[in-house]
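All remarks here apply to the structure that follows.
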Amino acid sequence: MIDLIFRPWGDCNWLLKKYSIGDWAILSCLSTEKRSAASICHLACFAKNIVLVKIHDPTPIDVALVKAALNDAEKLVRNNVGSTIGIFDADLKAPLDDVADYVDKTVNCSENIILDITSFPKRWFFPMVRELMRHERVRNLVVTYTQGKGYAKELSENPEPLRHLPGFPTLSSRTVHDYAFVGVGFHLMSFATMFGNDQPKALKMLFPFPPGPPGLKRSWQFVDSVERIINQERSERPTIDPIDYVQLSAIDVSQAFDAICRVTAYGEKTSYMLPFGPKPISLAMCLYSVSVDAADKEDVPVFYAQPQRYAIDYTSEPLKKDDQLSCIGYAIKYQGHSFYSIS
């Protein structure tokens, strides 16, 4: 008999109303893309307090354009939101303690948290999810994501070498892993080698399908890039076999989490994560790593090549369906119970 784990997710309005809570606090990123402010304004009716972080790239594409876009976004939010708002400036590569401070500022406002990852870089929202999952005061946690359209041709530039994400395990004693999970994205960062000293026995490519145009073409270009990197490394390391493609919904966090759990026998097999794909699939990878740690099983490191700057128009506008903002909510915790755990 197959165990059914019900993890509520869907339209954020529907989901948040099911919680029947009037005292939410929102933690979100105020960025240059229009869907950022749209998402915050959409969610504000559920919250009394909102913590917004304006994250500044080390080498912005155009300082004047970035400043103007951020000012416009802040003005839009302040003119349309009646909640108490705190807006803070931060560096993209701020230390982990700074990231944790913004989590604490939000949790101090309420035990019911909405983490809006729409415009947060993965370097930021991964440790935020980890902190909120482990925080004893957080009783209810919903992660939201507003879809966009009109993605920029170049989403980001100048990636760093592949490194561990802050706040996640680093391994020195284990260099061979049963699996590496790669989230398939629009393009692969330009680093010379993909796996460094870490050797996976098998590779699982988490392929979002259907990604929608032009996503399908970009996704296959990503796959081609990964295969070329692996072929270049064949002379220096054992062959990775097999390389499998796991087709997943681009927005179903629960499905992606379950897929990873089944492949790894719920943490019995060792693995690590390379989250280059859509944020919902990356969120599932994050939740899996956190859940494995909570279950006291073999650590699951997360590697990422952090870009030095992002496109100002990362997306051109928020996606709407039937004239309604496509803001998706994922129930992560309810009354202290985690929907994402490994028993």
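Just the heavy atoms: all of them, side chains too, but no hydrogens, waters or symmetry mates, feed the values below.
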Legend entry - Atom NZ of K297: over 12 foreign heavy atoms under 6.0 Å: yes

Inset, instruction - Look at atom NZ of K54 and say whether more than 12 heavy atoms of other residues, nucleotides or ligands are closer to it than 6.0 Å. - result: yes

Legend entry - From H177 atom NE2 to L203 atom CG, the distance as rounded to the nearest 0.5 Å: 12.5 Å

Legend entry - Check: K204 main-chain N/O paired with D244 side-chain donor or acceptor under 3.5 Å: no

Legend entry - Reported CD1-to-CG distance for the pair I312 and L70, which is rounded to 0.5 angstrom: 9.0 Å

Inset, instruction - For the pair F181 and Y179, name the ring-plane relationship: parallel under 30°, tilted 30 to 60°, perpendicular over 60°. - result: tilted

Inset, instruction - Check whether the side chains of Y334 and R7 place a donor and an acceptor atom closer than 3.5 Å, and report yes or no. - result: no

Inset, instruction - Indicate, with yes or no, if the rings of F276 and Y304 have centres closer together than 6.0 Å. - result: yes

Legend entry - Side-chain ion pair, R309 and E157, N-O less than 4.0 Å: yes

Legend entry - Atom pair CZ/CG of F46 and N13 - distance to nearest 0.5 Å: 4.5 Å

Inset, instruction - Show your working on side chain to side chain contact (heavy atoms under 4.5 Å, CB included) between F125 and V143 and close with a plain yes or no. - result: CA-CA 10 Å; F125 87 74; V143 174; over 6 Å; no

Legend entry - Within one Ile-Leu-Val-Met-Phe-Trp-Tyr cluster: I21 and V51, side-chain cutoff 4.5 Å: yes

Inset, instruction - For the residue pair P166 and V99, establish whether any side-chain heavy-atom pair is separated by less than 4.5 Å. - result: no

Inset, instruction - Take atom CG of D296 as the centre, draw a 6.0 Å sphere, and report whether it contains more than 12 heavy atoms from other residues, nucleotides or ligands. - result: no

Inset, instruction - First locate atom CG of L96, then atom CE of M128, and finally report the distance between them rounded to the nearest 0.5 Å. - result: 10.0 Å

Inset, instruction - Describe, in one word, how the ring planes of F88 and Y102 are oriented to each other, choosing from parallel (under 30°), tilted (30 to 60°) and perpendicular (over 60°). - result: tilted

Inset, instruction - For the pair Y19 and W24, name the ring-plane relationship: parallel under 30°, tilted 30 to 60°, perpendicular over 60°. - result: perpendicular

Legend entry - E33-T315 side chain donor-acceptor pair, cut-off 3.5 Å: yes

Inset, instruction - Classify the angle between the aromatic ring planes of Y330 and W9 as parallel (below 30°), tilted (30 to 60°) or perpendicular (above 60°). - result: parallel

Legend entry - Donor on one side chain, acceptor on other, T264 and Y288, under 3.5 Å: yes

Inset, instruction - Run the numbers on S36 and T32 for side chain to side chain contact (heavy atoms under 4.5 Å, CB included), then give the verdict. - result: CA-CA 7 Å; S36 167; T32 57; over 6 Å; no

Legend entry - Check: N49 side chain, A25 main-chain N or O, donor-acceptor pair, under 3.5 Å: no

Legend entry - Atom pair CD/CD of E111 and Q335 - distance to nearest 0.5 Å: 7.5 Å

